[in-house]
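Below is one structure, written out as structure tokens; the observations come after it.
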Amino acid sequence: MRYRIPIAMARLVAVLQVVSPTKGPTRAVPVCGAEFELIDNNSHIRSQSSRDHIAALPSIGDSLAVSLPYNKSSESLRCSLLIQSCPSCLISIDLASNLTTLTKNQPVPPPACLDSHIDDACFALNFIEDSADSPSSFYRSIAIWSIINNDETKFLSSGSSIRIVVELWSIENDKSLQKFIKSVFPLRINIVDNGEKREGMKKVMNLTTTNDYIQSPRFPSAYPRDIEKKYTLSNADPSGFVRISFDDFHIDSQSELEVLDSDGSSLFTSISDFRRPPAMKSRGREMTVNMRGNGGTKEIGFRAKFDFVNDTQWPEMPSDELCDLTVDGYGGEITLNGKTELIDKNIDCIFVIQRRNSIVGRSYDRIFMRIEDFRLRGDNLRLEVREGAYSTGDSLISLFDAQQTDELLAKQPKNGFTVSSDEPAFYIRLRGHLKSTAGLHIAYTLFYRWAGPICPGSAEFRCANQRCIKASLRCDGIDNCGDKSDEVECDGSTSISDLSAMIGGLPAVNQPHLDFRPESDISALLALVLGICGVVVLLLVTVTVVLKVYDRRRQRGRRVPTVDASGASLPHHNEVSPSIQTVGERRFYVLPETQISVIEAPPCYDDALKHPTVPTGNSASYTNGAFVGGPPPDISSVDSTARVDTPVPSFDENLEEIKDHRPSQSSLNGANEEDRPSSSTGSPSRPPRKIDNE
């Protein structure tokens, strides 16, 4: 059962003081805020609380003490505090004064509450920083136990906000844990400047030393969106200079990177020229690099190497001629053919091979790469390949100057380099003084493994080594499979590859993928669409069959009879034309249900008198005496000269007359038996009609 307990008003006032800090002694704020969650011994909260207690520290130099307002050791508790600072600030948590009371011999409590039962003592204190590109995840979560085990006494955030989460329960019987908690709190929070200042003098630089690099926060992960950071590079020699070259540059188009000279003049800004900054040298002893997120973020960010020098000249300074290339096609090659503007210049080219970011492209989870040829002519040429899309990835191969074919094959795996990860990529960098563009050939292919005899995509080719590649890469003169199985049984003609990433060739630098065939081979997407369509068609067919069967059964139950009561066939009818049914001398026209039924008008009085006698078992039933006994009327005896307008007796007068002359029941029955003639068929003939001329 979860319930909430408000803390004292004094602590709430302390929170309000932190929101609007004033100069003075360090203020205190509870980690649980105005309300915090308590948990009984039957259950506990494992997910993060949706309601954060927030403390704002907007200025550099602000500080506060975070306390734990928890005095009931028999209760379970989970709460959090979000500390927000300025875009150019960092949050520092000092644990040195708190942990001095701890000794190495003191037992360490359980490392995580998630691993303990509700009856076991538990205490967890985590410092969490949210991810910049995914609000639902976090960049890192550091537990206090890891800080203690690493003999560290301070935690420094990478951005302007941090969340402190505390969770504990069942500590009433653990005196050692209670003592440890009292020694940890209150936490000392200080707001510091996030700017970096590097100062030094000329020395022999080690390429593996991280002190000679500056990089965006959280490199190579996405940097904070509200970041505002200043990097100051200062040569301790008043007559010295600063050199800088960028190894990585992947920032959002909304973000800004600016490089300023010693006098404050701009050397580069990404707002006016959005590209990897060229190599630069200051005119004085200082150089400044400013980065602003401006609400945008992107993975990797930037990374740059700097040097402190005293020479005014930089003979090996790379040219500002842009030769970088990022390819995301399904396969092709990278060359320098036709890039004549790079000849007789110091080049610094970076090629990144990565997976296409699309539904179909993401099904290709691996990249194959092999250096087919490296015989460029030049001075101090260096070619390095790293795993991943950034310069700090694992080094795969480094080549210096021209390589013979046998030497090149010996330094690479037999089937080339293959990378497989959530974001597969290769980072290739070529530097040196170039004298010829011929002699570089790097082949790459996106693929996925398939154990079946045929790849699932309609426009895919299965290599002999169980790799599935694009069918358009077959017979293009490039070993895209790694075992040359895609170049077997070719007719001699080569097709245009899915992407020919030739610098100075078909596509221009940083141009999107060029595909000269309609991309109908959508493999996984096509299979998904066909599967959905098949299920829909199957459902429609099933519903149609069921409706047909139901309609037939319904029509069969309402079928019009084709014979009458005597067994005679009724006239043919169908569902469209009306049917005729005869009852006595009355005819009924019966139309289908979709039409209106039609019936003849009821008979008049004279026609009703002509109707034959209806036999009945009720002796008391009324019998019309006009139809009983007597010879048929003599039509000739009727006065033909009678006028048409002779008055006709009314119905009431005839009825009275019939009642006066009505015979008895016995005489009526005798007359029926004696006077009724028999026909040849045995059916009784119509009795003679008695007419009263009066």
Side-chain angles (χ1 to χ4, degrees), residues 325-338 351-374 385 408-409 412-420 424-426 428 440-508 511-527:
L325 179 65
T326 299
V327 293
D328 60 354
Y330 294 109
E333 59 182 355
I334 297 176
T335 70
L336 293 179
N337 294 338
F351 314 125
V352 176
I353 304 174
Q354 61 186 14
R355 180 175 57 182
R356 174 173 293 187
N357 191 15
S358 63
I359 297 178
V360 180
R362 297 190 69 84
S363 62
Y364 293 80
D365 58 347
R366 306 185 183 192
I367 301 179
F368 158 76
M369 188 278 301
R370 181 162 58 190
I371 303 174
E372 301 287 353
D373 188 15
F374 182 61
V385 180
L408 190 60
L409 295 177
Q412 299 182 88
K414 181 179 180 180
N415 294 328
F417 296 100
T418 301
V419 58
S420 59
F426 285 103
I428 306 173
L440 178 65
H441 182 193
I442 302 175
Y444 69 93
T445 307
L446 272 67
F447 73 95
Y448 64 92
R449 289 196 172 275
W450 189 259
I454 301 176
C455 295
S458 60
E460 295 178 346
F461 174 77
R462 185 181 183 276
C463 304
N465 54 9
Q466 298 184 351
R467 296 181 180 180
C468 287
I469 65 174
K470 284 292 184 179
S472 58
L473 301 176
R474 187 173 183 269
C475 297
D476 61 353
I478 304 174
D479 182 13
N480 296 287
C481 287
D483 59 358
K484 298 183 179 180
S485 59
D486 59 317
E487 301 298 322
V488 179
E489 298 181 358
C490 297
D491 56 0
S493 61
T494 58
S495 61
I496 301 177
S497 64
D498 192 39
L499 173 64
S500 181
M502 298 167 53
I503 305 178
L506 287 176
Q511 289 296 318
H513 165 73
L514 300 179
D515 197 344
F516 297 91
R517 291 181 174 85
E519 191 172 351
S520 59
D521 49 343
I522 55 178
S523 59
L525 181 61
L526 180 60

### Message
I want to check something: taking the side chain as every heavy atom from C-beta on, are Pro424 and Val419 in contact at a cut-off of under 4.5 Å?
### Response
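In short, these two side chains touch, coming nearer than 4.5 Å.
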### Query
So, do Leu440 and Phe374 sit near enough that their side-chain heavy atoms are less than 4.5 Å apart?
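Yes. Closest side-chain heavy atoms under 4.5 Å.
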I need the [X] [atom1] to [Y] [atom2] distance, nearest 0.5 Å.
X: Leu409; Y: Arg370; atom1: CG; atom2: CZ; result: 7.5 Å
X: Cys463; Y: Lys484; atom1: SG; atom2: NZ; result: 14.0 Å
X: Cys481; Y: Ile469; atom1: SG; atom2: CD1; result: 4.0 Å
X: Thr445; Y: Met369; atom1: OG1; atom2: CE; result: 11.0 Å
X: Leu325; Y: Phe351; atom1: CG; atom2: CZ; result: 6.5 Å
X: Tyr364; Y: Phe447; atom1: OH; atom2: CZ; result: 11.5 Å

Testing the basics here: between [X] and [Y], what is the closest heavy-atom pair and its distance to 0.1 Å?
X: Tyr448; Y: Cys455; value: OH-CB, 4.3 Å
X: Gly416; Y: Phe368; value: CA-CE1, 3.7 Å
X: Pro453; Y: Arg462; value: O-CD, 3.2 Å
X: Trp450; Y: Cys468; value: CB-SG, 3.4 Å
X: Ala464; Y: Asp483; value: CB-OD2, 3.4 Å
X: Asp476; Y: Glu487; value: OD1-OE2, 3.0 Å

### Message
Under a plain distance cut-off of 3.5 Å, with no hydrogens placed, do Tyr330 and Glu460 share a side-chain donor-acceptor pair?
### Response
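Tyr330 and Glu460 do not have a side-chain donor-acceptor pair below 3.5 Å.
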### Message
Assess the residue pair Ile353 and Ile334 against the criterion (side chain to side chain contact (heavy atoms under 4.5 Å, CB included)); give the C-alpha distance rounded to whole Å, side-chain angles, the decisive distance to 0.1 Å, and a yes or no.
### Response
CA-CA 10 Å; Ile353 304 174; Ile334 297 176; 4.0 Å; yes
### Task
Return yes if some donor-acceptor pair links the side-chain N/O of Glu372 with the main-chain N/O of Ala443 below 3.5 Å, else return no.
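A pair under 3.5 Å: no.
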### Message
Among Arg366, Arg355, Arg467, which residue satisfies the side-chain contact (heavy atoms from CB on, under 4.5 Å) criterion with Leu446?
### Response
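In the set Arg366, Arg355, Arg467, the residue that makes a side-chain contact (heavy atoms from CB on, under 4.5 Å) with Leu446 is Arg355.
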### Query
What's the verdict on side chain to side chain contact (heavy atoms under 4.5 Å, CB included) for Ile371 and Ile428, showing C-alpha distance, side-chain angles and the deciding distance?
CA-CA 11 Å; Ile371 303 174; Ile428 306 173; over 6 Å; no
### Query
Less than 2.5 Å separating the SG atoms of Cys490 and Cys475?
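Yes, disulfide present: SG-SG under 2.5 Å.
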### Query
Taking it one step at a time, do Phe461 and Leu473 satisfy side chain to side chain contact (heavy atoms under 4.5 Å, CB included)?
CA-CA 8 Å; Phe461 174 77; Leu473 301 176; over 6 Å; no
